[in-house]
Q: 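Sharing a structure here in structure tokens format.
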2 protein chains.
Amino acid sequence: SATPQSRSNEVENDVLEKCRTFMSAPVTDVGTLQKNKEDIKSKMELLIMETQAEVCRALAEVDGSAFKVDRWHRKEGGGGISCVLQDGNVFEKAGVNVSVVSGYLSEEAAQQMRSRGKPLKGKDGKLPFCAMGVSSVIHPKNPHIPTIHFNYRYFEIEEEDGTKLWWFGGGTDLTPTYLDKADAAHFHKTLKDACDQHNPKLYPDFKKWCDKYFFIKHRGERRGIGGIFFDDLESPSKAEVFEFVKSCAKAVVPCYIPIVKKHVNDSFTSEEKHWQQLRRGRYVEFNLIYDRGTKFGLATPGSRIESILMSLPLTARWEYMHEPHKGTKEAEILDILRNPKDWV
Amino acid sequence: SATPQSRSNEVENDVLEKCRTFMSAPVTDVGTLQKNKEDIKSKMELLIMETQAEVCRALAEVDGSAFKVDRWHRKEGGGGISCVLQDGNVFEKAGVNVSVVSGYLSEEAAQQMRSRGKPLKGKDGKLPFCAMGVSSVIHPKNPHIPTIHFNYRYFEIEEEDGTKLWWFGGGTDLTPTYLDKADAAHFHKTLKDACDQHNPKLYPDFKKWCDKYFFIKHRGERRGIGGIFFDDLESPSKAEVFEFVKSCAKAVVPCYIPIVKKHVNDSFTSEEKHWQQLRRGRYVEFNLIYDRGTKFGLATPGSRIESILMSLPLTARWEYMHEPHKGTKEAEILDILRNPKDWV
């Protein structure tokens, strides 16, 4: 039977072992992660690093090219690891970014980070915070392979009176150029299964939230066919929300990779590529005008612009007064974007 | 000698004659324009229609293709005329838009329209307003021909106590893919001459304002090599500001067309086209994230989205971590965008 000392070594070895599979060493040093391994911050940092590695490995295998890995440091505190595969065989641009940052937020910036809730009160107007997450957008070349986006994040903020606020946010959503109903059903079903393990109310609520959030108001269109989206999630408990987020993060590869593999050899016409480029333009409109993460990132001092804007496609197109003809495949997807439907 | 009656007919014929040269009938009916011909609103509407026609004629002649002309109506009041030349011989996308709209603004929206000044007080929170302007972005195909943007506009707002606020805004600025010092000097000199006819302080002030306004903060770069920009201009008098705006509007063709003609047959490499596409990406970033006109337009109920987003290029590109090598022509223009200089 193991002595307490050797059991402790085993656990330490587990953390170290895990880190060896990552794209790069975690932002927080391994010793600190080991020491605080029961802290949700350590668990979340390991989860986002693991998710980055799993997704990058699966995409690199399909593409046949390697990700470029950049470690970056934020002088105000923390840093991140950006993994990018650009102009590959299958992917036009695939970015998977981890960031773990900390420091102080102004009351205004802290407020912006929450989508609801009472005003936050800091000491001399400043609030110590910690924010970490994995964020990714994958734009394939083939117009029959959809774009996927996912993001899972954790925040902690300390108020003047010592109250610690924490919450999780995240989501996974799909943006196809053309509608493939079987793909849509597979994608939503995989997300629903991940959610249902925790609470059957989660998927229906977060599916609706996703359709509401990814709305390009000035176009009257959603960005894609949705998925799940949630923010400010702080119940039933820190441990239970973490387990839910973990299930969602683990669902990214099974959500998406089967769809990629199914269409990777699909032939396509120049008209289909053209329609993809116009939809890429809409993706840019959403990300630059509405996305809270992008807006918050661009407004945060010391943030890494290249990691934030890595979500933009390699190429995009805008034509004046383009509207697909009735009865076409282009009109079919546009109708879904204007009138979202249930897929499971 | 002419009788008073025949002199009046001559003037009426002048207005009608003018309208015949426009791309379409003005938004306001010709009878009303004739009746109120001394009103600054009528003068401004004729000026923006005339500017649209002059610019479109000059561009169509260079391109060898015709503009598509769309008249549109805004159900809340007013409308506009959008002229677009897309995928021509010389121009990738050339849009020249006139809009003449009126109705009621919320206090918040009214405030957003001014870049400075005291809060506006409306009757039951609503303020009658009238806004008109000509707005244009011209994206050429050849990377040696710069993109130009210009906009000249007039606003009137009536406060609760009957006070009428009015002001002019506008500007013309150039966004080259590569630096041509002679082009930059010609462009700025033409603008300076137009300004200097009215007051020698205008060009230096509005040149600085332009560099400040067209700033892509998250990149630390200006959008282009500037020109002039002004807003909330309400002195010395309505008539004098109108004459200044008229001189600026008349300067658009002589600012730009000689530069287009000089480079229209320049050969270019695929590397130069590639750099142009990356700069187009920056143009999109500025317009969607920072441009007050675009933001105001997208947020205004009943605004015509296609006319607002006509400023976006036909195609754009974003690469992760692209930075030109030292000593290249790409690094040369980037240096100017990071450190604007004086050209006259």
Side-chain angles (χ1 to χ4, degrees), chain A residues 67-70 72 82-87 92-97 137 139 216-221 274 277-278 280-291 294-323, chain B residues 67-70 72 82-87 92-97 137 139 216-221 274 277-278 280-291 294-323:
Chain A
F67 274 81
K68 179 178 175 350
V69 180
D70 286 317
W72 48 271
S82 293
C83 299
V84 179
L85 191 167
Q86 190 168 274
D87 206 6
E92 180 182 290
K93 201 157 151 196
V96 190
N97 188 45
V137 179
H139 294 291
I216 308 173
K217 197 181 167 195
H218 62 273
R219 299 286 192 180
E221 299 167 8
H274 175 250
Q277 291 299 298
L278 291 171
R280 292 272 199 268
R282 295 290 211 271
Y283 210 92
V284 172
E285 288 178 29
F286 180 84
N287 287 22
L288 296 184
I289 301 176
Y290 300 107
D291 187 60
T294 305
K295 283 166 101 161
F296 178 76
L298 294 182
T300 302
S303 65
R304 190 174 186 260
I305 299 305
E306 289 290 341
S307 297
I308 296 165
L309 295 183
M310 158 179 115
S311 65
L312 299 179
L314 193 61
T315 54
R317 185 174 180 93
W318 285 269
E319 282 180 22
Y320 177 67
M321 298 285 278
H322 188 282
E323 180 73 31
Chain B
F67 274 81
K68 178 177 175 349
V69 180
D70 286 319
W72 49 272
S82 293
C83 299
V84 178
L85 193 167
Q86 191 169 274
D87 207 5
E92 181 182 290
K93 200 157 152 200
V96 190
N97 188 46
V137 179
H139 294 292
I216 308 172
K217 197 182 167 194
H218 62 273
R219 299 285 191 180
E221 297 168 10
H274 174 250
Q277 292 299 298
L278 291 170
R280 291 273 199 266
R282 296 290 211 273
Y283 210 92
V284 172
E285 288 178 29
F286 180 83
N287 286 23
L288 296 184
I289 301 176
Y290 300 106
D291 188 59
T294 306
K295 284 167 101 159
F296 178 76
L298 294 180
T300 302
S303 64
R304 187 171 187 261
I305 299 305
E306 289 289 342
S307 298
I308 296 165
L309 294 183
M310 162 179 110
S311 66
L312 299 178
L314 193 62
T315 54
R317 186 175 179 93
W318 285 269
E319 284 181 21
Y320 177 66
M321 300 284 278
H322 187 282
E323 179 73 30

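Below, read A as the first sequence line, B as the second, and so on, with proteins coming before strands; counting in each chain starts at 1. All values below were derived from every heavy atom in this structure, side-chain atoms included, with hydrogens, water molecules and symmetry-related copies excluded.
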Q: Could you tell me which residues satisfy salt bridge (Lys or Arg N to Asp or Glu O under 4.0 Å) with B:Arg282, sequence neighbours excluded, listed by chain and number?
A: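 With neighbours one apart ignored, the set is B:Glu221.
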Q: Let me see the working for A:Lys217 and B:Leu298 under side chain to side chain contact (heavy atoms under 4.5 Å, CB included), right down to the final yes or no.
A: CA-CA 9 Å; A:Lys217 197 181 167 195; B:Leu298 294 180; over 6 Å; no
Q: Chain A: which of B:Leu278, B:Val284, B:Asp87 shares the most heavy-atom pairs with it under 4.5 Å?
A: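 The option with the most such pairs is B:Val284.
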Q: Select one option (side chain, backbone, both, neither) describing which atoms of A:Leu288 are under 4.5 Å from chain B's heavy atoms.
A: both
Q: Among residues at least two apart in sequence or on other chains, which ones pass side-chain contact (heavy atoms from CB on, under 4.5 Å) with A:Val84?
A: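 Result, side-chain contact (heavy atoms from CB on, under 4.5 Å) vs A:Val84: A:Gln86, A:Met310, B:Tyr320.
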Q: Work out which heavy atom in B:Met321 is nearest to a heavy atom in A:Glu306; give both atom names and the distance.
A: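 Nearest heavy atoms, B:Met321 then A:Glu306: N-OE1, 2.8 Å.
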Q: With a 3.5 Å distance limit and no angle check, can you tell me whether A:Lys93 reaches the backbone of B:Trp318 through a side-chain donor-acceptor pair?
A: yes
Q: How long is the straight-line distance from CZ of A:Arg280 back to CZ of B:Arg317, given to the nearest 0.5 Å?
A: 12.0 Å
Q: Does any heavy atom of chain B fall under 4.5 Å from the side chain of A:Leu309, the backbone, both, or neither of them?
A: side chain
Q: What distance do A:His218 atom NE2 and B:Thr294 atom OG1 have between them, rounded to the nearest 0.5 Å?
A: 10.0 Å
Q: Looking at CD of B:Gln277 and CG of A:Leu314, how far apart are the two atoms once the value is rounded to the nearest 0.5 Å?
A: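 One gets 10.5 Å once the value is rounded to the nearest 0.5 Å.
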